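Bear in mind that the values here come from a model prediction, so they are computed numbers and not experimental data. Per chain, numbering begins at 1; letters A, B, ... match sequence-line order.
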Protein chains: 2
Amino acid sequence: MLLSNTCIYGLRASVLLASKLSDDFVTIRELSDELNISFHFLTKVLQMLTKSGILKSYKGPNGGVKLARPASQITFMDIVESIDGKQIIKECALGLPGCGELKPCPLHDQWSALKENILNMMNHISLEQLASNRASDQFNISMHY
Amino acid sequence: MLLSNTCIYGLRASVLLASKLSDDFVTIRELSDELNISFHFLTKVLQMLTKSGILKSYKGPNGGVKLARPASQITFMDIVESIDGKQIIKECALGLPGCGELKPCPLHDQWSALKENILNMMNHISLEQLASNRASDQFNISMHY
DNA sequence: GTATATTAAGATAAAATACTCTTTAATATG
DNA sequence: CATATTAAAGAGTATTTTATCTTAATATAC
Ligand code: FES
Ligand code: FES
């Protein structure tokens with residue numbers, strides 16, 4: 001599994017937020033219901049995104065969370081980085097320290113090429129694109145089947 | 001992190017075994033020393049590989065473990081599968097059930113292309129190749145720097 | 001100001017993963 | 001047969017990840 005559960009929840013919630021039409025705050029309860037994720041846990045996850053400036057939050061009635069920037073300006077990588085950390089994709093496939101810096105491992109050539117592609121994908125795909133994929137109605141984002 | 005620690009230990013030990021010249025059994029102690037992995041833990045990991053038929057083991061003096069088949073006939077994927085399970089690379093990037101079967105998630109198109117490449121690499125690279133990379137002496141496999 | 005809605009924060013619990021220690025079984029050697 | 005060597009198996013511990021529960025803080029509406 002490339003991404004942690006926590007990170008996946010953050011991504012799913014962000015895509016869902018990006019696909020909302022209005023600019024109102026959305027309650028975490030609404031997100032957790034729609035995504036079928038525990039409300040309390042999702043709250044924790046979204047707190048991370050709020051702290052890292054990807055989301056804005058507002059307390060009280062009509063409060064909730066919303067994207068802090070336009071969905072076109074938030075990348076998949078932004079979210080992965082702020083939850084799973086920067087090095088998730090920089091690591092050696094065999095878990096050795098400092099991939100590529102000193103002696104690379106026997107898998108380095110093959111793995112770093114693949115990593116480059118993954119990195120590239122994460123850096124270039126935005127929440128807007130993901131949301132519009134979703135909107136094409138053949139795509140799913142919740143666990144409701 | 002794509003692979004579990006356990007799986008990484010299994011891979012490192014297997015590459016090391018593949019790079020041994022003689023066909024004698026190698027003690028797990030020797031492997032754990034060379035790889036700088038806890039002996040007891042490595043024992044557990046290699047038990048999995050023995051059970052799944054990738055390694056042969058032998059108890060008693062001059063005992064140890066060795067590859068059950070020629071290194072050219074053991075793929076990276078063989079080891080990943082027997083430790084981390086088959087579905088590690090078949091999963092949806094957003095953790096949804098049945099990637100691609102029913103409704104794919106918004107990331108499916110991009111992710112499944114990358115997955116295909118990872119799968120391909122794992123299926124085609126053999127322990128022999130990894131061991132010969134290692135033997136070229138610019139490559140590392142242990143944590144000793 | 002009081003009640004209500006909502007996120008934030010903290011404390012705890014459960015589950016999964018990683019690691020260690022001890023005992024048992026198999027084999028070899030003398 | 002007695003002893004030493006080695007992997008297998010089992011039990012136990014530690015750490016991390018995932019999840020839940022409770023309380024606090026902040027904002028709105030009346
Ligand atoms: S050193 Fe192992 S993948 Fe780079
Ligand atoms: S359904 Fe999500 S990656 Fe395939």
- Message: Need to verify one output field. Residue with the more 5' nearest nucleotide on DNA chain D, B:Leu46 or A:Asn62?
- Response: B:Leu46

- Query: Out of D:dA8, C:dA8, C:dC19, which has the shortest distance to the side chain of B:Ser57?
  - Reply: D:dA8

- Starting at atom CG of A:Leu55, determine the distance to atom C1' of C:dA8, rounded to an integer number of angstrom. 14 Å

- Query: Heavy atoms, side chains only, cut-off 4.5 Å: are A:Arg29 and A:Asp33 in contact?
  - Reply: yes

- What is the distance, rounded to the nearest whole Å, between atom CG of A:Leu42 and atom P of D:dT20? 12 Å

- Any donor-acceptor N or O pair under 3.5 Å, side chains B:Thr75, B:Asn123: no

- Query: Looking for any heavy atom pair under 4.0 Å, which part of the strands does B:Val26 touch: base, sugar-phosphate only, or nothing?
  - Reply: sugar-phosphate

- Note on the structure: The answer to which of A:Lys44 and A:Lys59 contacts DNA chain C further toward the 5' end, by nearest nucleotide, is A:Lys59

- Rounded to the nearest angstrom, tell me the gap between atom CD1 in B:Ile37 and atom P in C:dT20. 11 Å

- Message: Can you tell me if A:Glu116 has over 12 outside heavy atoms packed within less than 6.0 Å of its CD?
- Response: no

- Message: Without decimals, in angstroms, what is the distance between B:Tyr9 OH and C:dA18 P?
- Response: 8 Å

- Query: Hey, what else clusters with B:Tyr58 if you join Ile, Leu, Val, Met, Phe, Trp, Tyr whenever side-chain heavy atoms sit under 4.5 Å?
  - Reply: B:Phe25

- Item | Spacing between A:Met48 atom CE and C:dA8 atom P, to the nearest angstrom | 12 Å

- Can you tell me the distance, in whole Å, between the CZ atom of A:Phe25 and the P atom of C:dA8? 10 Å

- Message: Return whichever of A:Pro61 or A:Asn5 has its heavy-atom-nearest nucleotide of DNA chain D closer to the 5' end.
- Response: A:Asn5

- Euclidean distance, atom CG of residue A:Leu49 to atom P of C:dT7 [Å, nearest integer]: 14 Å

- Message: Regarding B:Lys51, tell me which of base, sugar-phosphate or nothing describes its non-hydrogen contacts under 4.0 Å with the strands shown.
- Response: sugar-phosphate

- Between atom NE2 in A:His40 and atom P in D:dT22, what is the gap in whole Å? 8 Å

